[in-house]
Protein chains: 2
Amino acid sequence: MISFPRSTYLPEDRSEFHPCCRVSELAWRRMPNRARPVVTIADVARACGVGTMTVSRVINGKKHVSAEMVRRVEEAIARLNYQPNEAARTLKGRTSRTIGLIVPSLSDPFFSQCAHAVQQVAAEQGYMTMLFACESNRNVEVEELSQMRSRNIAGILIVPSSEESVEQLRELRRSGMPVVMIDRTIAGIDAGEVMVENLEGAFRATSHLIDHGHRRIQCVGYDREYNSISQRIEGYRKAMQTAGLQPQYTLVKRGVPIGPKILALLRSPKPPTALFTLNNVTSVTVLNALKREEIRIPQQVALVGFDDFELASLLAVPLTAVRQPAAELGRHATRMLIDSLRVGNGGERMLSRIVLPTELILRQSCGCEPIARITHAL
Amino acid sequence: MISFPRSTYLPEDRSEFHPCCRVSELAWRRMPNRARPVVTIADVARACGVGTMTVSRVINGKKHVSAEMVRRVEEAIARLNYQPNEAARTLKGRTSRTIGLIVPSLSDPFFSQCAHAVQQVAAEQGYMTMLFACESNRNVEVEELSQMRSRNIAGILIVPSSEESVEQLRELRRSGMPVVMIDRTIAGIDAGEVMVENLEGAFRATSHLIDHGHRRIQCVGYDREYNSISQRIEGYRKAMQTAGLQPQYTLVKRGVPIGPKILALLRSPKPPTALFTLNNVTSVTVLNALKREEIRIPQQVALVGFDDFELASLLAVPLTAVRQPAAELGRHATRMLIDSLRVGNGGERMLSRIVLPTELILRQSCGCEPIARITHAL
DNA sequence: GTATGAGCTGATATCGATATCAGCTCGAGA
DNA sequence: TCTCGAGCTGATATCGATATCAGCTCATAC
């Protein structure tokens, strides 16, 4: 083996916090606040020889200020590189120009695409995005919601992943905080909703397998804790029922390995000839299991998944999947939230329900040979 | 085709902002601030019949308060569901418990994993994460950095994607704001750095192809605008040089399609027998092009990429790739930043340089048959 | 010539939490 | 008994921006 130079590399040293930083909570709180030299509105006012209100008016409304004065103040602002202190504005104005985004995870491309869109639309509209990833941990979600209140968040976008936070959310709504739920909803909360046509997408996916001549189609996924999953299950059931077929489910709790169950099922006397997976995590898990056992798709078992992803077309067997418009979801939700912030006063009127269509992307895992697209619109 | 019920679906209505919301910037600024009923420290104090300072002491230090008083105040806080107003704290204390994270994009799994780790570590340490995705747009990055100052961000984590922001960053550093650069660095800025062994990883990847008997190995990617890419290029060059081979580059500017270039190259008289792609976007682009032309990997051309991803093993030809510890990168950077916040006063001492090792994950695209792992440590 | 009001500007109070300092109580030591 | 200090508590000022209102100037109308 050829050798080569090494660069500085010190992972052990830093895998934990620096020793001098392991201070008690108490000591940490007593930490002196760093005094950063800041240019305030008073400095700008002094520089122009005017009062602070004049400067404030220039920064904001610009009404009732002479053109000459605007010029002078703007020049001083530029010269001093003044920037208004958002904390002070927030304190006075009661609401920050910041929206909170709570997602279960960012490792899932569905959520990260969604988050990306949210951040972009918000930025365009002058809002910052405070990001929270709760990793489906119930307590974390509750904690995060309470943090939001602390920080005078203007509104909340949430992919709810815990029934525990119902109480919190309801209370936030009562106090006038606009909330938009994305991808899933929690019953009993008067908030905006942006979802996809889960039932229709699942119906279409299942029907497609039926059209391929499959009769024993297994519905596979992680339980029905979210209503979006329930809707997909219902779409599957309806498609099976319509075709006079018996629905079959393999639904497990989060954390239970699903691969072995499917493999066992495929070795049973009357194995399913096709699988319908309820989300992309399930699809990938199942694909991994099938690959390990070298089960051929779609010859031995066909597969259609809910939720498409970028690399689906480059897989060993390109995956047929129901594409959800993740970025669109985020965009619509953000717009809805900001709309409701603008009309002010809780903006109840603006919080509505949007349901976006899905699209069945035909690739090879369902048994289709040609690559084609069927738009979901009927 | 079987028909099924449709749910409410109104995308056109909402593709833009609601008409009533297209207010001028002026009008929007004059929007009345919603008056939200808030429980303040004064309410808690009144409820206990004590002064606000006593309550403040209970919330924070708990020194110099009798046990009985602590009990009474805590009871009142719980009963009233009081939460301190972060804006007020920030205004008084000059620094918020919020860190800013700037990444080029969240659609790239490398960055989204990194962001996820950052958010988690920060949350554990009582910090919120303000997210910014600049989409490699120079002006946006500059704008975002100035927003940070406005919002009294405690510190900045950045995957820098623009030389334009050098000036901004330098000024922020001067004013005592801790900054940690992730994955890439910009010269001339005195900030923390958390990177991977790019040179070594690329050297190893290239050497592996050489060990497979390849002589014409093409280095493919999107220009050298970041130093991490430059280091990878240098690692490739060094490996080629060490083996007495001639390095060959296909480096294009962002936005230029790279697929056609590679295909043209493969049709030339002396085509490369192997490709080394400089990041995962490039790998995927090249894989797409090769698939379209049905070029077999590794028989017609072998491929090793820098940057591994979750689905690499499920691809038509499982990809051999240099794995970067994305989450580790985020974790270390966040720890470094928070360390430096804790020691306070700019925390210069704590801002150091960390370089993490990479790992070459052997799959089939390089020509290796068995699936095995070679740890990068030498 | 004076009244009126429109247009512009600044002094002051305010948002909520906390640093500072002064005041209070109580027990120990002189 | 008096003093002193330790321990606890509250009044006040402060952070930076803005709402409110008062004051000022000037032109027009009476």
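Bear in mind the structure is a predicted one, so any value in this text is a computation, not a measurement. In what follows, chains carry the letters A, B, and so on, assigned in the order in which the sequence lines appear, proteins first and then strands, with residues in each chain numbered from 1. Computed from heavy atoms alone, side chains included, the values below leave out hydrogens, waters and symmetry copies.
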When you compare the side chain of A:Val180 with that of A:Ile156, does any pair of heavy atoms fall below 4.5 Å? no
Tell me whether the OP1 or OP2 atom of C:dT18 has a side-chain N or O from B:Arg89 closer than 4.0 Å. yes
Could you work out, with salt bridge (Lys or Arg N to Asp or Glu O under 4.0 Å) as the rule, every residue matching A:Glu167, not counting sequence neighbours? A:Arg170
Under the salt bridge (Lys or Arg N to Asp or Glu O under 4.0 Å) rule, collect the residues that match up with A:Glu75, sequence neighbours excluded. A:Arg79
Counting heavy atoms from C-beta on, name the nucleotide in C:dC21, D:dT18, C:dG16 closest to the side chain of B:Leu91. C:dG16
Indicate whether OP1 or OP2 belonging to C:dG10 is found under 4.0 Å from a side-chain N or O atom of A:Thr54. yes
Any side-chain donor paired with an acceptor under 3.5 Å for B:Thr185 and B:Arg353? no
In whole angstrom, what separates B:Arg46's CZ from D:dA11's P? 12 Å
Applying a 4.0 Å non-hydrogen cut-off, can you work out what B:Val55 is touching in the nucleic acid: base, sugar-phosphate, or nothing? nothing
Once you build an axis from the first five pairs and another from the last five of the helix from C:dG1-D:dC30 to C:dA30-D:dT1, how far apart in angle are they, to 10 degrees? 60°
Could you tell me the separation between the CZ atom of B:Arg72 and the P atom of D:dC8, rounded to a whole number of Å? 15 Å
Any B:Ser56 side-chain N or O less than 4.0 Å from OP1/OP2 of C:dT18: yes
B:Asn60 and B:Arg89: side chain donor to acceptor below 3.5 Å: yes
Rounding to an integer number of Å, can you tell me how far B:Arg151 CZ sits from D:dA17 P? 14 Å
In whole angstrom, what separates B:Arg149's CZ from D:dA17's C1'? 16 Å
Please name all residues satisfying salt bridge (Lys or Arg N to Asp or Glu O under 4.0 Å) with B:Arg72, sequence neighbours left out, ordered by chain then number. none
Establish, with yes or no, whether the OP1 or OP2 oxygen of C:dT18 is under 4.0 angstrom from a side-chain nitrogen or oxygen of B:Asn60. yes
If you pin B:Glu86 and A:Ser66 to their nearest nucleotides in DNA chain C, which one's is more 5'? A:Ser66
Distance, rounded to the nearest Å, where A:Arg57 contributes CZ and D:dT18 contributes P: 11 Å
Residue set satisfying salt bridge (Lys or Arg N to Asp or Glu O under 4.0 Å) with A:Arg46, at least two apart, ordered chain then number -> A:Asp43
Here the distance between atom P of C:dT25 and atom CE of B:Met69, to the nearest Å, is 14 Å
By side-chain hydrogen bond (donor to acceptor under 3.5 Å, both in side chains), which residues pair with A:Ser146, not counting sequence neighbours? B:Gln83
Counting side-chain heavy atoms from CB outward, which of D:dG16, C:dA19, C:dT12 is closest to B:Lys92? C:dA19
Is the phosphate of C:dG10, meaning OP1 or OP2, less than 4.0 Å from a side-chain N or O of A:Thr52? no
Separation of D:dG16 P from A:Met53 CE (nearest whole Å): 17 Å
Here the distance between atom P of C:dC15 and atom CG of A:Asn85, to the nearest Å, is 18 Å
Per A:Ile41 side chain, nearest of listed nucleotides D:dC15, D:dG10, D:dA17: D:dA17
Report the nucleotide, chosen from C:dA19, D:dG16, C:dC21, that has the shortest atom-to-atom distance to any side-chain atom of A:Thr40. D:dG16
